[in-house]
Amino acid sequence: MAEPKMNIDLKKLRNIGIIAHIDAGKTTTTERILFYAGRTYRLGNVDEGTTVTDWMEQERERGITITSAAITCEWRGNRINIIDTPGHIDFTAEVQRSLRVLDGGVVVFDAVAGVEPQSETVWRQANRYHVPRISFVNKMDRMGADFWRTVEMIRVRLGANPLPVQLPIGAEDNFRGIVDLIERKALIFTDELGAHPEQVDVPAEMAEEVAQHRDELVAAIAEHDDTLMMQYLEGEEIAPEALRRVLRELTISGTYVPVLCGTALRNKGVQPLLDAVVDYLPSPLEVPPVTGIDPNTDETISRTPDPDGPLAALIFKIVADPYVGRLAYVRVYSGRLISGSTVENVNKNRKERIGRLMQIYADKRQDIPEIVAGDIGAIIGLKQTFTGETLADARLPIFLESIDFPEPVISVAVEPKTKGDQEKMANALRRLAEEDPTFRVHTDDQTGQTIISGMGELHLEVLVDRMRREFNVRANVGRPRVSYRETITKPARGVGRYVRQTGGRGQYGHVVLEMEPLPPGSSNAFETHIVGGSVPSEFFKAIENGAMEALESGFIAGYPAVSIKATLVDGSYHEVDSSEMAFKIAASMAVRDGFNKGKPVLLEPVVKVHIIVPEQFLGDVIGDVNARRGQVEGLEPQPGGVQEIVAMVPLSEMFGYATTLRSMTQGRGTFSMEFDHYQPVSEELAKTLKY
């Protein structure tokens, strides 16, 4: 007998992400949401390592989120899928792949620090995927908390339209509740768990302030709706339901970002945040249909979130689970994923059998018979499907846009301690690379060492730690080293002639390539502009392969060559002696010749660094940045007598910087950094860099 179909009311489904700078309070906010929604019965604490979503040992030890955790809970009869994302820049890919599949976001800001560097990064990522969002100004109880300053920073730094829908009652030690501007009611949080806020009239001392800000809120909403505008101009009272309905439309379209406030750690303001998720963030029915390519016709097609339509689903994360094996997180955009069915991996044109399906609850899970359009879940048993790949109905396939991940910028060498660890290490690295698209593994041809590459020191440190603990691999780890690149700075012509005569049939290949630099950040390219048939077309592919492989390890210090275009313009062949192998070798010789003539340079990654230090240490810190070949781009005063320094510094100079900064500022300085661009290295420095 067939399983009964699961039917979720899509209007009552929300797929949201909690995103923010490190330490803004994302995980604590998520823990409070789970508590008030009845999913947990005690409040998890990051400092005590008792949170649900930070379940990895590495997360609990460091007090940071490393991997996105998915949770499902219910509020006011609505089902909410929440993804708690990391804030550290080394794990930015986790945020990126989560935003790709979410319909809405809650951006958490620290009321003291306001908009921090990583807040800007996640905001830009959300803009890229057109994710509607609401803002939660957290930590209103901290010394120096300033709600209006944070709102202004959202406007100025993020270029957004923040619209406060709440006002704080008090601040710092006196923060005790919020005023709901739409309902004109105050919520006072008296009990320690904050589970039963008391609804009272607006405090008399705030009446004037509330009246002014409510009028501004109503005017901003009414401006976009003719009916409300008429009511507003005629001085009529506008019903709260009407204000919420229009504000919902304006939030989903990205016109406004509703701003709420509270303090998650002190259990104040979280229930109204859950109300706002339901009231203002979209259901799967309210976001545009997902678009993709028809692999048969290359036409753009779309899929609506129809549970009875053709299947279209995107795998956005792979997890190596110690109990159930490979777990694939999936967002279903159309149709149904049914346990035991066979679907097509459109990227690889291969069939995949769907094993067990799960509803996720951080590191716990529950079997379900199917995942329907609009929902998020996990699949056990996929053999050859990885992050960013599409699962679809074989009869009506669609190729959904994949997820682009940044290139790794830092590497370390790892080697097993014993022969017995060798196989275990290879298996561990393979499984970790399947999980994390920004983690790369390769073998150095010259030294035979295994090199792992990632987004930063912390990223690699966590991965090596997981390799040791989860897979019991004992390994020696080298010092971190930077992923340099090579390129040319002027056009050049390269000639490669490969002639071998060894008795009998010889080898003959002759290739002429025009090489030119492309804009920074471009991929290598190859074109063919042969006239007169000097090289037969059957050898073009071998020439392209030879040229591209040669660029994989450059000619200055053996680092990959980037942003180069090679064009085949001439050559010659021998009717008997020419072969694909000969032309492939000739092409690599031509690349080397052209590269050496094109004024080659070594490129190094440069990071954008935000350093926050008390004013008395400003001179020392700037002097140290300059000594690291850095360029200070700006200074910005922050509340509390501290300054923010923004600088561009070569990544190679930033190893161990956390320790140096702590010692220079008596432990009071903090910094964050993210990769910005590659720039040429000076000739003197290039001479000292050996691969």
Side-chain angles (χ1 to χ4, degrees), residues 1-10 12-17 30 33-34 37-41 44 51-56 67-75 77-84 97-98 101-102 284 305-345 351-387 389-393 431 434-435 470:
M1 193 170 139
E3 283 267 9
K5 285 189 173 181
M6 283 177 65
N7 283 312
I8 297 173
D9 183 353
L10 291 184
K12 295 195 166 185
L13 179 62
R14 302 287 181 275
N15 294 310
I16 65 159
T30 308
I33 286 173
L34 296 178
R39 282 306 312 235
T40 54
Y41 301 100
T51 57
V52 174
T53 53
D54 283 356
W55 52 270
M56 289 169 63
T67 181
S68 306
I71 294 277
T72 301
C73 66
E74 298 214 347
W75 186 254
N78 293 265
R79 177 160 149 190
I80 306 175
N81 291 324
I82 302 173
I83 296 186
D84 174 31
R97 59 178 164 192
S98 301
V101 297
L102 293 171
D306 176 7
D308 298 318
L311 175 69
L314 185 75
I315 302 295
F316 66 96
K317 182 178 165 74
I318 298 288
V319 176
D321 187 283
Y323 304 109
V324 296
R326 273 183 72 228
L327 201 63
Y329 283 46
V330 63
R331 163 76 193 256
V332 179
Y333 287 98
S334 170
R336 299 168 186 269
L337 259 181
I338 301 169
S339 182
S341 63
T342 301
V343 299
E344 179 163 338
N345 176 327
K351 295 276 186 286
E352 274 278 25
R353 182 172 164 77
I354 303 298
R356 289 160 64 196
L357 295 175
M358 299 278 187
Q359 189 172 310
I360 303 295
Y361 182 58
D363 60 336
K364 300 178 179 65
R365 46 199 69 85
Q366 173 186 340
D367 277 286
I368 50 175
E370 62 181 12
I371 304 170
V372 301
D375 207 357
I376 288 173
I379 309 170
I380 295 172
L382 294 183
K383 297 283 188 291
Q384 49 214 5
T385 301
F386 296 98
T387 300
E389 295 183 350
T390 304
L391 297 179
D393 188 324
R431 286 179 60 183
E434 283 177 3
E435 230 180 89
E470 290 175 31

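Values reported hereafter were calculated over all heavy atoms of this structure, with side chains retained and with hydrogens, waters and symmetry mates removed.
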- Gly374 and Leu13: which non-hydrogen atoms are nearest, and at how many Å? O-CD2, 3.2 Å
- Message: Do Arg336 and Asp308 have side chains that approach each other closer than 4.5 Å (heavy atoms only, starting at C-beta)?
- Response: yes
- Got a sec, which residues hit side chain to side chain contact (heavy atoms under 4.5 Å, CB included) with Leu382, two or more places apart in sequence or on another chain? Ile315, Ala328, Glu352, Ile354, Ile379, Thr385, Leu391
- Task: Could you give me the CA-CA distance, side-chain angles and deciding distance for Asn15 and Val101, then say whether side-chain contact (heavy atoms from CB on, under 4.5 Å) is met?
- Result: CA-CA 8 Å; Asn15 294 310; Val101 297; over 6 Å; no
- Measure across Lys351 and Gln384 and return the closest heavy-atom pair with its distance rounded to 0.1 Å. O-NE2, 3.6 Å
- Message: Looking at Tyr329, I'd like to know if the NZ or CZ of Arg331 sits under 6.0 Å from its six-membered ring centre while staying within 45 degrees of the ring's axis.
- Response: no
- Item | Between CZ on residue Arg14 and CG on residue Asn78, distance to nearest 0.5 Å | 5.0 Å
- With rounding to the nearest 0.5 Å, note down the distance linking CD1 in Ile82 to CD1 in Ile16. 4.5 Å
- Message: Looking at every non-hydrogen atom in both residues, tell me the closest pair between Leu357 and Ser339 and how far apart they are.
- Response: CD1-N, 3.4 Å
- Do Glu74 and Ile80 have side chains that get closer than 4.5 Å, going by heavy atoms? no
- Message: Between Asn81 and Asp375 (side chain of the first, backbone of the second, donor and acceptor by atom type, cut-off under 3.5 Å), is there such a pair?
- Response: no
- Of the non-hydrogen atoms in Ala373 and Leu10, which two are nearest, and what is the gap between them? O-CD2, 3.1 Å
- Rounding to 0.5 Å, atoms CD (Gln359) and CD1 (Ile368) come to a distance of 5.5 Å
- Message: Using every non-hydrogen atom in the two residues, find where Phe386 and Glu434 come nearest and quote the distance to one decimal.
- Response: CE2-CG, 3.3 Å
- Roughly how far apart are Arg353 CZ and Ser341 OG, rounded to 0.5 Å? 8.0 Å
- Message: Looking at every non-hydrogen atom in both residues, tell me the closest pair between Phe316 and Thr387 and how far apart they are.
- Response: O-CG2, 3.7 Å
